[in-house]
Student: 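Take this structure first; my questions come after.
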Amino acid sequence: MQFRQRTSAISMPKGEVKRDVLLRMFSFVFRHYKWSVVLVLACVFVSSLTSLVSSLFTKTLIDDYIVPLTQVANPEYASLAQTLFMLGLILFFGTVCSYAYNRLMIHVSQGTMLRLRKIIFEKMQRLPVSYFDQRSHGDIMSVYTNDVDSLRQMISTAMAQVLSSLITIVATFTSMVVMSIPLTLVSILMAVVMMVATSQLGKRSRTFFRTQQQRLAHVNGFIEEMMTGQKVVKIFCHEEQAIRDFEVINEQLRTSACHANRIANIVMPVNGGISNFGFVLLAVVGALLALHTPHISHHTSYISHLTSYISLGTVVAFLQLNKNFTRPISQVSQQINSVLNASVGAERVFALGDAEPEIDNGTVDLTAPQGDVDFKDVDFSYIPGKQVLFDIDINTNPGQKIAFVGGTGAGKTTIINLINRFYEIQGGHILYDGIPITDIRKESLRKGMSIVLQETHLFTGTVLDNIRYGKLDATDEECVKAAQMVGADDFIRRLPNGYHTPLSGDGGNLSQGERQLLAITRAAVANPPVLILDEATSSIDTRTEQVVQRGMDTIMQGRTTFVIAHRLSTVRNADQIIVLDHGRIIEQGTHEQLLQQKGKYYQLYTGNEI
């Protein structure tokens, strides 16, 4: 895959979802909400036991109350009423516990999502630029929205359901063994059939859920591209083609989602059918055992009691217990959609959270930077085996203006990206004040320079906030002075609220030239010894460029300035003009010197292109 080619999805391991992904998710929840989870577990335990008590009471109700009461002439109902009242209190307490753990799970799930978003956002700030070059922004956004939300759904519902199911299965199984071993064996047989069916269907749908998440990210990425490029779409009348392209990827998402949910939704009806069949089978076996129950004396062994004695109340109660035993399996199968969806989402969240951060082995801090930047035999490649820069040698003095010219793909922007260590060189050295930049801490290095990118980006906030972005502790007076220096003050004061005018949508209420002026002002307020202008005036009209050029000439005084420009008027007064071609320096000198050579620069100049 080429370095600049963007992938359509966050990298994930192929094959089946591993159990350790969900275990890691549960471990994360327990680590941060240990006592809440413990309290949830206690409430789930009580709620599950109260449900079991109601099933066991069926045997007592029939054998100890209903049957004896039908055999007397004047039945006494006081003891039955008292017992039913106690049962009602127990069930009410179970209902309260059920409400409590559901409320607690909302707190746990939302808190977990908050922490996850915080962790991956902090990680995103520490990732290298190459990470974002290889992935679409819409795909990364999908991790924050769809994938994180899929985890919320699982934690708030499936997690409590799993805990409840485990407790119910263990408690119910114990009660079933105590009541009747033959009937317990029949229940185990039907439970195994249900688990096998759930497992096989789950394996088939898991792949489709992964594909669904990937295609959902693709749809989000496409929409994001269409929103940011809406003007281009309309300029070239690309609306119909965009609609057709979206229909294709939207249909792919629908297909994968249908496949995933179709199989997952079969699980519940299949398990329901197996459960009903098991219920009938148990009723038949229990009835046969009850009808052929031998006489039991007090000398009968306990094992014989378990294997032979079946009362009417036992059969009815066991049927209830069987429902309690198989219901958790059905309930878990109902959550299979969210569990599978969440497992894929967890993979994508952890893939972002586990991404290798930007490496910084620098140990030196620039205390009083002078802005002396030199290149010594620099080689660079984005991917191994495809070198893009060869033997770059540039010697500068503080305060000089260095201009890079050349055709598209010559390596101009790449050189600029190496100065601030967006990427690491493979050969040679780049020196800042005589210190290899690999020895300088990246934060210190980048504070020693300002850069105005070709693609301007403004943040939500006021004009003043955006200017201060270059120096967070800058005063209002410093920001205004920087704006006056670059010629932005006039248009800012004409805005509705001047410097306090709110901006949103990447400064959509400003012209491209005004946005670029703010970006240049932002760089000026930082007041660094090195200034980098990556085609900073490419989006400014000729008249505005003259105003900006005067401002830039002012802020470039005493600063080392690296300029990439598509207009020769911005580089004629440069101290050095570096002509690049396919990653190599082919010419170097002043404007007059290069014209006299009548080489590549002369051709570019006389052809009025760059």
Side-chain angles (χ1 to χ4, degrees), residues 1 5-29 31-32 109-159 202-225 249-250 252-257 259-261 263-264 335-358:
M1 178 180 63
Q5 180 182 353
R6 292 182 171 181
T7 60
S8 61
I10 296 291
S11 176
M12 295 188 302
K14 295 182 178 179
E16 292 186 1
V17 175
K18 297 180 179 179
R19 291 188 182 91
D20 57 1
V21 174
L22 291 179
L23 289 176
R24 181 179 177 183
M25 187 70 250
F26 292 137
S27 175
F28 179 88
V29 173
R31 184 167 64 252
H32 294 287
S109 62
Q110 292 298 333
T112 300
M113 299 307 98
L114 180 143
R115 290 178 179 272
L116 280 176
R117 286 191 293 264
K118 180 176 181 290
I119 288 172
I120 60 179
F121 185 81
E122 290 178 351
K123 169 55 73 70
M124 190 176 71
Q125 304 309 307
R126 296 177 174 85
L127 293 176
V129 173
S130 58
Y131 184 91
F132 302 98
D133 282 345
Q134 297 176 43
R135 294 162 177 85
S136 75
H137 296 167
D139 181 51
I140 297 175
M141 279 299 301
S142 184
V143 175
Y144 284 92
T145 54
N146 301 315
D147 296 322
V148 170
D149 189 65
S150 68
L151 295 180
R152 177 196 61 77
Q153 294 180 29
M154 183 194 69
I155 294 172
S156 61
T157 57
M159 189 173 177
K203 288 179 180 179
R204 293 189 61 187
S205 62
R206 191 172 294 125
T207 301
F208 290 115
F209 272 107
R210 178 181 287 109
T211 304
Q212 174 187 327
Q213 290 296 94
Q214 292 173 341
R215 288 179 175 173
L216 181 58
H218 190 192
V219 168
N220 289 338
F222 184 85
I223 293 173
E224 188 259 347
E225 287 182 352
I249 62 174
N250 198 30
Q252 290 174 345
L253 173 60
R254 185 199 68 81
T255 301
S256 59
H259 284 311
N261 288 282
I263 297 175
Q335 301 297 332
I336 192 170
N337 289 26
S338 61
V339 171
L340 293 175
N341 213 14
S343 65
V344 176
E347 283 183 301
R348 289 167 52 82
V349 170
F350 291 141
L352 176 56
D354 294 338
E356 288 296 326
E358 189 175 22

Student: Taking C-beta and beyond as the side chain, do R215 and V219 meet within less than 4.5 Å on heavy atoms?
Tutor: no
Student: Above 12 or not: heavy atoms from other molecules or residues under 6.0 Å from CZ of F26?
Tutor: yes
Student: So how far is it from Q110 CD to R115 CZ, rounded to the nearest 0.5 Å?
Tutor: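 The distance works out to 13.5 Å.
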Student: Answer yes or no: is there a side-chain heavy-atom contact under 4.5 Å between E358 and L127?
Tutor: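 With C-beta onward as the side chain, the pair stays apart.
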Student: For this output row, return yes or no: ring centroids of H32 and F28 closer than 6.0 angstrom.
Tutor: yes
Student: Thinking salt bridges, do D354 and R24 make one under a 4.0 Å N-O criterion?
Tutor: yes
Student: Is D139 paired with R348 through a side-chain N to carboxylate O contact shorter than 4.0 Å?
Tutor: yes
Student: Could you check whether any side-chain N or O of R135 sits under 3.5 Å from a backbone N or O of Y131, counting only pairs where one atom can act as donor and the other as acceptor?
Tutor: yes
Student: So, the side chain of S256 versus the backbone of Q252: is there a donor-acceptor pair under 3.5 Å, distance only?
Tutor: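 Indeed, once roles are kept as given, a pair shorter than 3.5 Å links the two residues.
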Student: If you count the non-hydrogen atoms of other residues, nucleotides and ligands that lie under 6.0 Å from CD in Q125, is the total more than 12?
Tutor: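 Yes.
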Student: For the CE atom on M113, are there more than 12 heavy atoms of other groups (residues, nucleotides or ligands in this structure) within a distance under 6.0 Å?
Tutor: yes
Student: Among V21, D147, I119, which residue satisfies the side chain to side chain contact (heavy atoms under 4.5 Å, CB included) criterion with V349?
Tutor: D147
Student: Heavy-atom distance under 4.5 Å between the side chains of M124 and F132, does that happen here?
Tutor: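 The answer is yes, as the side chains (C-beta and beyond) meet within the 4.5 Å cut-off.
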Student: For side chain to side chain contact (heavy atoms under 4.5 Å, CB included), just list the numbers for T112 and L116, CA-CA rounded to whole Å, side-chain angles, deciding distance to a tenth of an Å, and then say yes or no.
Tutor: CA-CA 6 Å; T112 300; L116 280 176; 4.2 Å; yes
Student: Taking K123 for its side chain and A355 for its backbone only, find out whether a donor-acceptor pair lies under 3.5 Å.
Tutor: yes
